[in-house]
Amino acid sequence: MSLTHLDESGAARMVDVGEKDITRRTAQAQAIVSMDAKTLELITAGKMPKGDVFSCARIAGIMAAKRTWELIPMCHPILIESISVDLTPISDTEVRIISTLRCTHKTGIEMEALTAVSVAALTLYDMCKAVDRGMTIQDIMLLHKSGGKSGDFHREP
């Protein structure tokens, strides 16, 4: 198997997608943020000193997805057609962040989905660090992708 982001001499390069077919593409990613139960209580009660944590993290994730090509050196700029970033408490100490992105393009949108959940998780941390510096960000992963030559991928969270 050859790596498409390396040229014949092993140097990094941006893949030429000019000859690829335009297809409908979807990607979904997740991150889990663990924290003290009291921290999550403050978030859900709307009592964090910096404001509405989930709304701010959602907006940060959306903004980051749109700028992924500026952050990841070999990513192509993609016209994203839809982005959702959802933050849901899944226990008394954990929040699950899921991003779902869609585009019609010659290259995939997985990096944008992963960037969205990563930055949303970092924003959640930033907004809550005064209360809980022991938070952890974990399980950042691609859950699903569809479209393109490589076909579909699906992982159970």
Side-chain angles (χ1 to χ4, degrees), residues 4-5 12-18 20 22-36 39-91 93-148 150 152-155 157:
T4 58
H5 282 84
R13 68 176 176 103
M14 190 173 201
V15 174
D16 181 355
V17 297
K20 286 185 167 189
I22 294 172
T23 63
R24 179 84 168 151
R25 296 164 185 265
T26 302
Q28 187 173 65
Q30 80 158 21
I32 304 290
V33 182
S34 296
M35 63 197 71
D36 290 337
T39 305
L40 188 50
E41 285 176 30
L42 290 169
I43 292 170
T44 57
K47 295 184 178 178
M48 288 303 289
K50 288 189 176 183
D52 185 343
V53 174
F54 284 1
S55 290
C56 190
R58 181 178 304 106
I59 292 167
I62 291 167
M63 291 174 65
K66 296 189 305 183
R67 303 200 64 175
T68 299
W69 66 277
E70 294 177 353
L71 301 170
I72 310 293
M74 302 304 166
C75 280
H76 292 82
I78 294 177
L79 180 60
I80 300 170
E81 296 164 356
S82 131
I83 305 171
S84 69
V85 177
D86 298 305
L87 294 91
T88 308
I90 57 172
S91 75
T93 60
E94 291 182 316
V95 172
R96 183 174 189 221
I97 304 168
I98 295 184
S99 68
T100 306
L101 286 80
R102 290 183 180 80
C103 70
T104 305
H105 206 281
K106 294 181 174 196
T107 190
I109 197 162
E110 300 91 28
M111 293 308 299
E112 288 77 5
L114 288 161
T115 299
V117 296
S118 298
V119 171
L122 289 168
T123 301
L124 189 153
Y125 184 96
D126 179 56
M127 293 195 68
C128 300
K129 69 185 177 206
V131 173
D132 183 1
R133 292 200 187 270
M135 291 176 288
T136 61
I137 298 169
Q138 58 219 22
D139 296 331
I140 296 172
M141 65 181 78
L142 182 67
L143 297 176
H144 171 80
K145 73 91 69 197
S146 64
S150 65
D152 293 353
F153 168 81
H154 187 74
R155 174 197 327 260

When rounded to the nearest 0.5 angstrom, what distance separates [atom1] in [X] from [atom2] in [Y]?
X	Y	atom1	atom2	result
Ile80	Lys66	CD1	NZ	8.0 Å
Lys145	Leu101	NZ	CG	14.0 Å
Ile97	Asp139	CD1	CG	11.5 Å
Leu143	Gln30	CG	CD	5.0 Å
Leu114	Met141	CG	CE	10.0 Å
Leu124	Phe54	CG	CZ	6.5 Å

Residue pair [X] / [Y], side-chain heavy-atom distance below 4.5 Å:
X	Y	answer
Arg58	Leu87	yes
Met35	Cys128	no
Glu112	Cys103	no

- request: Applying side-chain contact (heavy atoms from CB on, under 4.5 Å), name anything that partners Arg67, two or more places apart in sequence or on another chain.
  value: Glu70

Kindly give the heavy-atom pair with the smallest separation between [X] and [Y], and that separation in Å.
X	Y	answer
Cys56	Met127	CB-SD, 3.2 Å
Ile78	Gly108	CD1-O, 3.0 Å
Val85	Gly61	CG2-C, 4.2 Å
Gln138	Glu94	NE2-OE2, 3.7 Å
His154	His144	ND1-ND1, 3.6 Å
Met48	Leu42	SD-CB, 3.5 Å

task: Determine, stepwise, if the pair Thr93 / Ser34 fulfils side-chain contact (heavy atoms from CB on, under 4.5 Å).
output: CA-CA 6 Å; Thr93 60; Ser34 296; 5.6 Å; no

query: With sequence neighbours left out, what residues match His105 under ring pair (Phe, Tyr, Trp, His ring centres under 6.0 Å)?
result: none

Electrostatic pair Lys50:Asp126 at N-O distance under 4.0 angstrom: yes

Is it true that a side-chain atom of [X] and a backbone atom of [Y] form a donor plus acceptor pair closer than 3.5 Å?
X	Y	answer
Arg96	Ser91	no
Tyr125	Arg133	yes
Thr100	Ser84	no
Arg155	Leu142	yes

message: For Thr26 and Arg24, which I'm curious about, is there any donor-acceptor pair between the side chains at under 3.5 Å?
response: no

